[in-house]
Every structure is written in structure tokens, then in C-alpha cells.
Amino acid sequence: MPELPEVECLVRGLRQQVVGWHTQRVEFRRTDLREPLATAAIRAALCGHRLETIARRGKYLLLSRRDGQGVIAHLGMTGNLILSAQSEPLSKHTHVIFHLTRGRQQRALQFIDPRRFGRLAPLVAQTQHPWLQALGVEPLSHSGLARYLWQASRGRRVAIKNFLMNANIVVGIGNIYASESLHAACLHPCTAAGQLAYRDYQRLTRAIKKILRQAIAAGGTSWRDYRDVSGKPGYFALKLAVYGKQDQPCPRCQTPLSASKIGGRSTFFCSGCTKILPSH
DNA sequence: ACACGATCCTGACTGC
DNA sequence: TGCAGTCAGGATCGTG
């Protein structure tokens, strides 16, 4: 489910709802996620402490106390964090429950992940966590993104779509927003990243920022199973131009949209108003 | 260094 | 209704 906008919406929801709460206890129902959970260290990082900071880096969520210790989570393809009353029934795929208190109030923050591609680990110091070490730049806050991408892509023959989805270059752009951004910038997803000119990256960068911001403002994309922190769906799916819309008319030129696999992932584009640049 | 395919896992959906 | 096959929003690892 989650690309940058979904994680950002989750972070904003959590900031409002759990900052200032104390972790009373952490309950593990399954520990065999992508990596086995370090249960003792996760408990030690949170239990008895006040949640002070909720942050995002790429698609990673960081929940930490005042001294910076806490947990880092990645939601994989199907993960989510849902806040519920202590008494509400649990999902079949709730693997971890953070029992939170504030005074006499109680809440449960559930880590849910049917496919178990997600990750959860103790966080000692944010700047040193191995999962964050190789991450590329943040697309929304990097002011020279076009120049950075243009420079990073020189000599690269990989398809621009895969280049954009490489989190070591730029974080947060997943399969949906890669297709959407490229279409908005009139670029064909198969074009070699190194073939694009600086002006192409300027157009692409504007499209990426605009689409990510719109998606955040709309509450994230509700494709299949995305839910916000209180369990409500996002609404951006209504605004997608190409993703999942094979054979429907291109909103720009009316050509029926195409679908294909690029790097093993479903890709949607318009063969009418985007062209692969000839390589030379 | 780079490009690419396989892989982790469950659920939803399609077609027979 | 049941069953097999296919596909899914991510990231890592091994291979060439």
C-alpha cells in the first residue's frame, strides 16, 4: 500500500493522536515478519516512556521518545498502523500491539501486515540506523531535485521508471506515483534515465512534487487496502490519471492507455502522448 | 558500478 | 461452490 504520501498521512495522524502518550506494554502476536522481531529490544525502547516524536524518512516511520530512542517501521506492501480503542477486536493480521496510556485513557496502536513484508526494529539513534544509511533524497524537501536527478542519471541505461523507484536515489516514489509522475511530465516510462535532458528532469520534478503534494492533501491513495490511522480509506484513487486504467482514454490525448511490465512491475502509460527517446 | 530476476507472504480476484 | 492460476502499492539479495 504505502508510498510516500500514505506514510506521510499516517505520520500526521499519529502526531495528533499519540504524541504525549506513554507506552505501557508491547504485545507480540507474531514475530516472523521479514526479519524476526527483536521483541526484547523493542519493548525496552518504548515501555514506560512517553512518545515524543513521530517522523518519516522515505517510507520509514520513526516513533521515538525524547532521547531519540524508539522504533523504526516499514509497512512493506500491505502494512499499516491503526489506532483503536483498547477493547476493539483485533485483525487477523495484527502482529504487534502497542498499548498506550494517557492518564486513565487507553489506546491500542496495531501494526497490521497480511503479507508480512513489513519491518519493525528498535531505533537507537536516528542518524545511525542501517535501514536509513543508503537512502536517497526526499523529493518534497530537496530544492535542487531536478539537477540532482539529472546528474545522478548520467550514463544510466536503466528505465526512468525504475530509476525513480530506486530508494537509494530518491525516496518515496513507488509504483503508482512513478507511473503518474511520468505521465504528467509527458515521459515514457521505458526511456533510459541517462537519455533524458535536464529540461526533462525539470518537468518531471515539478510533476513529482505536485502529485505527491496532491496525494498527501487528499489523504493518500486508496488502492485496495490503504487506510489512515483511524481506519478510514484515502481518496486519491479518484484522481489517478493512468494507474490501473489500461484501455481507458488518456485524459490528455484520448489514446487508450497501455499497460506493461517494466522491471517486473505493472506500468501504465500513454503511447499517444509519450515517446521513448531514440538512443544513440 | 550497474542491471536484472528471484524472492519473502497472504489475500483478492478471474476463469473454468 | 470449488479450485487453480495470476496478480498486488517494496526492498533485498545474488548473479552476470
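Numbers restart at 1 for each chain; the letters A, B, ... are given by sequence-line order, proteins then strands.
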Report summary line: Against the side chain of A:Arg34, the closest entry in B:dA3, B:dG11, C:dA11 is C:dA11

Query raised in the report: Can you tell me if the side-chain N/O atoms of A:His74 get under 4.0 Å from OP1 or OP2 in C:dG10?
Result: no

**Report entry** Whole angstrom value for the distance that separates C1' of B:dT10 from CD1 of A:Ile112
**Finding:** 14 Å

Query raised in the report: Between A:Ile169 (CD1) and B:dC2 (P), how many Å, whole number?
Result: 8 Å

Query raised in the report: For B:dC8, does either OP1 or OP2 sit under 4.0 Å from a side-chain N or O belonging to A:Arg115?
Result: no

Query raised in the report: Does B:dC9 pair with anything, Watson-Crick or G-U wobble, both distances under 3.5 Å, and if so, with which nucleotide?
Result: none

Query raised in the report: C:dG10 C1' sits how many Å from A:Glu3 CD, rounded?
Result: 9 Å

Query raised in the report: Do A:Arg116 side-chain and B:dC9 base share a donor-acceptor contact under 3.5 Å?
Result: no

Report task. Provide, to the nearest angstrom, the distance between the OH atom belonging to A:Tyr60 and the P atom belonging to C:dA11. Result -> 6 Å

Query raised in the report: Base, sugar-phosphate alone, or nothing: which one does A:Gly264 contact when heavy atoms must sit under 4.0 Å apart?
Result: nothing

Report task. Round to the nearest Å and state the distance from A:Ile262 atom CD1 to B:dC4 atom P. Result -> 11 Å

Query raised in the report: Do we see A:Phe117 stacking on the base of B:dC8, given a limit of 5.5 Å between centres and 30° between planes?
Result: yes

Query raised in the report: Quick one: on DNA chain C, does A:Lys261 or A:Glu35 contact a more 5' nucleotide (nearest heavy atom)?
Result: A:Lys261

Query raised in the report: Quick one: does NZ or CZ of A:Arg119 land under 6.0 Å from the six-membered ring centre of A:Trp131, within 45 degrees of the ring axis?
Result: yes

Requested in this report: Would you classify A:Arg156 as touching base, sugar-phosphate or nothing, given that sugar-phosphate means primed atoms plus P, OP1 and OP2, and contacts are heavy atoms under 4.0 Å?
Outcome: sugar-phosphate

Report summary line: A:Leu4 atom CG is separated from C:dG10 atom P, nearest whole Å, by 11 Å

Report task. Look at A:Arg203 together with A:Asp200 and state whether they make a salt bridge at an N to O cut-off of under 4.0 Å. Result -> yes

Query raised in the report: Going hydrophobic residue to hydrophobic residue with side-chain gaps under 4.5 angstrom, can you get from A:Leu109 over to A:Leu46?
Result: yes

**Report entry** Spacing of A:Lys59 atom NZ relative to C:dA11 atom C1', expressed in whole Å
**Finding:** 9 Å

Query - Criterion side-chain hydrogen bond (donor to acceptor under 3.5 Å, both in side chains) on A:Arg102 and A:Gln105, from CA distance to verdict - result: CA-CA 5 Å; A:Arg102 189 176 67 178; A:Gln105 297 174 285; 3.2 Å; yes

Query raised in the report: Nearest-Å distance, CG (A:Leu33) to C1' (C:dG10)?
Result: 14 Å

Query raised in the report: Of all the nucleotides listed (C:dT12, B:dT10, B:dA3), which has the minimum atom distance to the side chain of A:His93?
Result: B:dT10

Report task. With the side chain of A:Arg119 defined as its heavy atoms from C-beta on, choose the nearest nucleotide among C:dG10, B:dA3, C:dA11. Result -> C:dA11

Requested in this report: Indicate whether OP1 or OP2 belonging to B:dG11 is found under 4.0 Å from a side-chain N or O atom of A:Lys92.
Outcome: yes

Query raised in the report: How about A:Arg154: does its CZ atom have over 12 heavy atoms from other parts shown lying under 6.0 Å from it?
Result: yes

